[in-house]
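One structure, pasted below without further comment.
For this chain, numbers begin at 1 and follow the sequence in order. For ligands, and for the atoms within them, numbers begin at 1 and follow the listed sequence.
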Amino acid sequence: MTDDKEAALPKGEEESLTAELSPDVSPVVQEFMAEAAQANEEEAEAIAQDTTFAADAGLAGAAFSTASLIGPYISFEHVCKSFGDFIVLEDVSFFVNPGETLCILGRSGVGKSVSLQILMGFLKPDRGTVLVAGQDISGLSEREMQEVRRKVTMVFQNGALFDSVSVGENVAFPLRERRTMEEDQIQQVVKGLLEMVGVAGMENMLPSDLSTGMKRSVAIARALAAQPSAVLYDEPTTMVDPLMAHLLGDLIQRLKVQLHLTSIVVTHDMRFAQKLADRVVFLHEGKASFFGTMEEMHASKDPVLQEFLALDALVLPN
Ligand SMILES: Nc1ncnc2c1ncn2[C@@H]1O[C@H](COP(=O)(O)OP(=O)(O)OP(=O)(O)O)[C@@H](O)[C@H]1O
Ligand SMILES: [Mg+2]
């Protein structure tokens, strides 16, 4: 199956895939993306060095001592979150390495969206450490969080686009905020980003004119315009047809290969997870009851996880 082939991304295929996926992206966009990719790589290297230093000094968290040589870009360490007496997350730990994709799986109401909101600083954890690019964000002020949100952006389910302005202006927004680009450069980057996410030429439409899947693509283009290092997606495939889901999966995979973006994807869709995930975390009854690779997940004997997978196979027969 081509999906599996893409998910594995053998080294030799990366280059041809990259070339094939953006055949006519304008030079301005290529430059814009290359700038982001280089910054992401430099940041990843800096984190790797920091982590090596921390490990040498015996400071690395015990839970992450078996992490790969490159340190995590984002991690939850013993995170707890309750609303009143209602415990949503109880001692949850997981991580995602730079340039990798983590899928968060679990039944409805287990705290998947809450986890993303904690990462964006919209909710604060009661206990535990939340690291983004080596920085503990759990105690940051709103102003400090705005800096973090330049590195980590979120694609909301409904796209969260500004309804009253055009698609083009939605994507241009982060570019204008930077105040460093000329107008014609902004227009070219917007055009190229829209091409890249598969909605070429829709600059002048209003978000209300678009389908759910197209809105999500535009939301991804807007997220990319901020040149983030990591993108968080909350259920990107719900309410779109299987073809659109497939295209969104291809897009997320392409961003990983071309821009080395780190991604966290909340999904119910196991095929999607199979295609994208380097690691998965399965949340259940407040705990990260499984955290590991897809292969390890399928080999797991955890009855709740097995039931989840079996139910998914029933809902989505091959
Ligand atoms: N701001 C809040 N105040 C009170 N309770 C909340 C708040 N946000 C989330 N919750 C509760 O936390 C629990 C986890 O919610 P969350 O939205 O993370 O679930 P989820 O895993 O994303 O589920 P779904 O798959 O249905 O989207 C739910 O019981 C929800 O009602
Ligand atoms: Mg949710």
What protein heavy atom is closest to atom 25 (O) of ligand 1, reported as residue, atom name and distance in Å?
-> K112 NZ, 2.7 Å
Starting from atom 12 (O) of ligand 1, find the nearest protein heavy-atom neighbour and note its residue, name and distance.
-> V88 CG2, 3.4 Å
If you count the atoms of ligand 1 from 1 in the order shown, which ones are under 4.0 Å from a heavy atom of F86?
-> 13 (C), 29 (O)
Could you tell me whether a side-chain N or O of Q306 sits under 3.5 Å from a main-chain N or O of K301, the two making a donor and an acceptor?
-> no
Could you please spell out the steps behind the side chain to side chain contact (heavy atoms under 4.5 Å, CB included) verdict for H78 and D91?
-> CA-CA 4 Å; H78 309 294; D91 198 13; 2.7 Å; yes
Residue, atom and distance of the protein heavy atom nearest atom 1 (N) of ligand 1 read F83 CE2, 3.7 Å
Give a yes or no on whether atom 19 (O) of ligand 1 lies under 4.0 Å from any heavy atom of the protein.
-> yes
Can you list the steps and then say if L105 with M270 is a side chain to side chain contact (heavy atoms under 4.5 Å, CB included)?
-> CA-CA 9 Å; L105 302 174; M270 281 307 299; 3.7 Å; yes
Region of H268 engaging ligand 1 - heavy atom pairs below 4.0 Å = side chain
Electrostatic pair R149:E142 at N-O distance under 4.0 angstrom | yes
Contact flag S108/the Mg ion (ligand 2), N/O/S atoms, threshold under 2.8 Å = no
What is the closest protein heavy atom to atom 24 (P) of ligand 1, and at what distance does it sit?
-> S108 OG, 3.5 Å
Nearest neighbour in protein (non-hydrogen) for atom 17 (O) of ligand 1 = S113 CB, 3.6 Å
What do you reckon, is NZ of K112 surrounded by more than 12 foreign heavy atoms closer than 6.0 Å?
-> yes
Quick one: nearest non-hydrogen protein atom to atom 23 (O) of ligand 1, plus distance?
-> G109 N, 2.7 Å
Less than 4.0 Å between atom 30 (C) of ligand 1 and some protein heavy atom, yes or no?
-> no
In plain terms, say whether E90 and R127 are close enough for a salt bridge, that is, a side-chain N and a carboxylate O under 4.0 Å apart.
-> no
Using a strict 4.0 Å threshold on nitrogen-to-oxygen distance, state whether D250 and K275 make a salt bridge.
-> yes
Any idea how F291 and F95 line up, ring-wise: parallel (<30°), tilted (30 to 60°), or perpendicular (>60°)?
-> perpendicular
Identify the protein heavy atom lying closest to atom 15 (O) of ligand 1, giving its residue, its atom name and the separation to 0.1 Å.
-> V114 CG2, 3.8 Å
Would E235 count as a contact of ligand 1 if the rule is a heavy atom under 4.0 Å away?
-> yes
For G111, is the nearest heavy atom under 4.0 Å from an atom of ligand 1?
-> yes
pair L276-T267: side-chain heavy atoms closer than 4.5 Å = no
